[in-house]
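Accompanying notes for the structure given below.
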Amino acid sequence: FAFGGQDVIISDELSKEFEPEKHIQFIKKYSEDKSSYEYYMTEYLRMSGLYWGLTTLELLDKKDLLSEIEVMEFIRNCINDNGGISPSIDHDPHILYTLSAVQVACILNREYELPTEKIVNYIKGLQQPNGGFFGDKWGELDTRFSFCAVACLALLGKLDSIDLQKALEFVMSCHNFDGGFGSRPDSESHAGLTYCCVGFLSVTGNLHLINADILGYWLCERQLLSGGLNGRPEKLPDVCYSWWVFASLHMIGREHWINHDALKKFILACQDTETGGFSDRPGNMADPFHTLFGIAALSLMNHNGIKLINPCFCMPQHTISRLNLTPQILP
Ligand code: FPP
Ligand code: ZN
C-alpha cells in the first residue's frame with residue numbers, strides 16, 4: 001500500500017474476506033504463549049488485554065477457549081485492599097483495569113463473585129471536587145476516567161453512589177465548539193475522548209444536552225478517502241478509531257452519516273491473514289487491542305458471524321441486556 005497525503009490507499013490486492021477462525025487462533029495463541037516477548041511487554045495492561053481477548057472471542061462465540069476458573073482467579077489476585085483492581089498481580093490498582101475486570105466478570109456472568117462494595121468505594125474515592133475522576137492515587141484526571149467510573153458503577157448496579165451532577169458538569173466542561181470533547185477543559189477535540197464523553201452521557205441518560213448534528217458532523221469528517229476513520233483532523237486512519245468514532249455516531253443516532261462499505265473495506269484490509277488479528281493500518285503488526293475494535297466495528301455493521309456489540313459499553317449486547325442496562329441512544 002502507499003501513503004496518499006494523510007491517508008492510506010487500499011489497493012485491490014488489500015481487499016480481504018473476513019477470517020474469523022484466524023482471529024480466534026490469534027487470541028488463543030496470544031493468551032497461551034506466556035513466554036513470548038509480546039506477553040512479557042504487555043504485563044502492565046494485562047487486565048485490559050484479557051477484556052479485549054475475551055470480548056473478541058465472545059463476539060465470535062468462542063469464549064470457552066479461555067478458562068473461566070483461571071480468569072476469575074486472576075481477577076481475584078488483582079483486587080487490592082482498597083477495592084481497586086490492578087492490571088496484573090503486584091501492580092498498582094487503576095480505574096482503567098478496575099473497569100476491565102468488571103467487564104470481564106460480567107461477560108462471564110460472574111459479577112456476583114466481585115466485592116462490589118469495596119470496588120464502589122474505590123471509585124467514589126477517586127471523584128474530585130470539580131466532579132472529574134483521578135485514574136488512581138497519583139492524580140491524573142481526564143474524561144477517560146469519568147467514563148470508566150460510570151460504566152463500572154452501572155455494570156455493578158451502583159450508579160447512584162457518586163455525585164452524578166458534579167460528574168456531568170465536569171464532562172460538559174470538556175465539550176468544545178466543534179461538537180467534540182477533549183481530555184480536560186480547553187483541550188482539543190479527540191475522537192477517543194469524545195467516545196468517553198458520549199459514553200458517559202449515554203450511561204447517565206444525558207445525551208439531550210448535546211447538539212447531535214454538530215457532533216455528528218465532526219465525527220463523520222473523520223472518514224477519509226480510504227474509508228478508514230482518524231481520531232483528529234490531519235491524522236492517519238486507524239482501526240481503533242473505527243470504534244471510537246463509529247460507536248459514538250451510533251449512540252447519537254447518526255451512524256448512517258458515514259460510508260459503511262468503505263469503512264468495512266478499510267477494516268478488513270487491516271487483517272493479518274497469516275497470523276490472524278487486526279493492526280491499526282494495513283500491513284502493520286496485529287495486536288489484541290486493534291483486533292477487538294476492528295471486530296467490534298464490524299459488529300456495529302451487522303457483519304455475518306459476529307454477535308451484536310453494545311456501542312456504549314463495548315461489550316456483547318446480550319450481557320448488557322441480561323444486566324437490564326439501557327444506555328441512552330438518540331433517535
Ligand atoms: C485513543 O488513545 C483512545 C482513547 C483516548 C479512548 C480510551 C477509552 C477508554 C480508556 C475507555 C474504556 C474503553 C472501553 C472500550 C471500555 P491513544 O492513546 O491511542 O490516542 P492517540 O491515537 O492520539 O495516540
Ligand atoms: Zn489505534
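Whatever order the structure lists ligands and atoms in, that order sets their numbers, starting from 1. The figures here come from the full heavy-atom set of this structure, side chains too, leaving out hydrogens, waters and symmetry mates.
- Of all protein heavy atoms, the one closest to atom 4 (C) of ligand 1 is Gly192 CA, 3.6 Å.
- Under a 4.0 angstrom heavy-atom cut-off, Lys235 registers as lying outside contact with ligand 1.
- In this structure, atom 7 (C) of ligand 1 lies nearest to the protein heavy atom Trp244 CH2, 3.7 Å.
- Numbered from 1 in the order shown, with element, the atoms of ligand 1 that lie under 4.0 Å from a heavy atom of Leu96 read 10 (C).
- The contact set between ligand 1 and Tyr51, taken as ligand atoms under 4.0 Å from a residue heavy atom, comprises 15 (C), 16 (C).
- A salt bridge is defined here as a Lys NZ or Arg NE, NH1 or NH2 lying under 4.0 Å from an Asp or Glu carboxylate O, and Asp213 with Arg254 meets this definition.
- Taking only nitrogen or oxygen atoms, main chain and side chain alike, Tyr195 does not reach within less than 3.5 Å of ligand 1.
- Remark: distances from the non-hydrogen atoms of Met315 to ligand 1 are all 4.0 Å or more.
- At least one N, O or S atom of Asp238 sits under 2.8 Å from the Zn ion (ligand 2).
- When heavy-atom distances to ligand 1 are checked against a 4.0 Å cut-off, Cys196 comes that close only through its side chain, counted from C-beta outward.
- The main-chain N or O of Leu50 is never found under 3.5 Å from a side-chain atom of Ser31 such that the two would form a donor-acceptor pair.
- Here the heavy atom of the protein found nearest to atom 11 (C) of ligand 1 is Phe147 CD2, 3.7 Å.
- Considering Glu19, Lys22, His23 in turn, His23 is the only one that fulfils the side chain to side chain donor-acceptor pair (under 3.5 Å) rule with Gln271.
- Between the side chains of Ser321 and Gln317, a donor-acceptor pair is found at a separation under 3.5 Å.
- Numbered from 1 in the order shown, with element, the atoms of ligand 1 that lie under 4.0 Å from a heavy atom of Cys314 read 15 (C).
- Under the 6.0 Å cut-off for aromatic ring centres, His94 and Phe145 qualify, their centroids lying closer than that.
- Using a distance-only test at 3.5 Å, with no hydrogens or angles considered, a donor-acceptor pair links the side chain of Ser36 to the main chain of Tyr39.
- Side-chain contact annotation: Asp272 with Ser279, donor-acceptor N/O pair under 3.5 Å absent.
- Assignment of Gly231 to the shell around ligand 1 is not supported, since no heavy atom sits closer than 4.0 Å.
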Margin query: Between Tyr217 and Trp257, does the ring-ring contact (aromatic ring centres under 6.0 Å, His included) criterion hold? Intermediate values first, please.
Written below: CA-CA 8 Å; Tyr217 190 75; Trp257 284 20; 7.6 Å; no

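- For ligand 1 and Arg232, the ligand atoms under 4.0 Å from any heavy atom of the residue are 23 (O).
- Checking side-chain atoms of Tyr195 against main-chain N and O of Cys312 turns up a donor-acceptor pair under 3.5 Å.
- Of the protein's non-hydrogen atoms, Gln103 NE2, 3.3 Å is the one closest to atom 16 (C) of ligand 1.
- At the Zn ion (ligand 2), the angle from NE2 in His290 to SG in Cys240 is 120° when rounded to 10°.
- In terms of protein heavy atoms, atom 22 (O) of ligand 1 is closest to Tyr241 OH, 2.5 Å.
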Notebook entry, point to check: Would Lys166 and Glu169 satisfy salt bridge (charged side-chain N to carboxylate O under 4.0 Å, His left out), going step by step from the backbone distance to the final call?
Noted result: CA-CA 5 Å; Lys166 272 281 173 201; Glu169 280 167 24; 3.5 Å; yes

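- Distance remark: protein heavy atom not present below 4.0 angstrom from atom 24 (O) of ligand 1.
- Note: the hydrophobic cluster containing Leu224 does not contain Leu263 (ILVMFWY, side chain heavy atoms under 4.5 Å, direct or indirect links).
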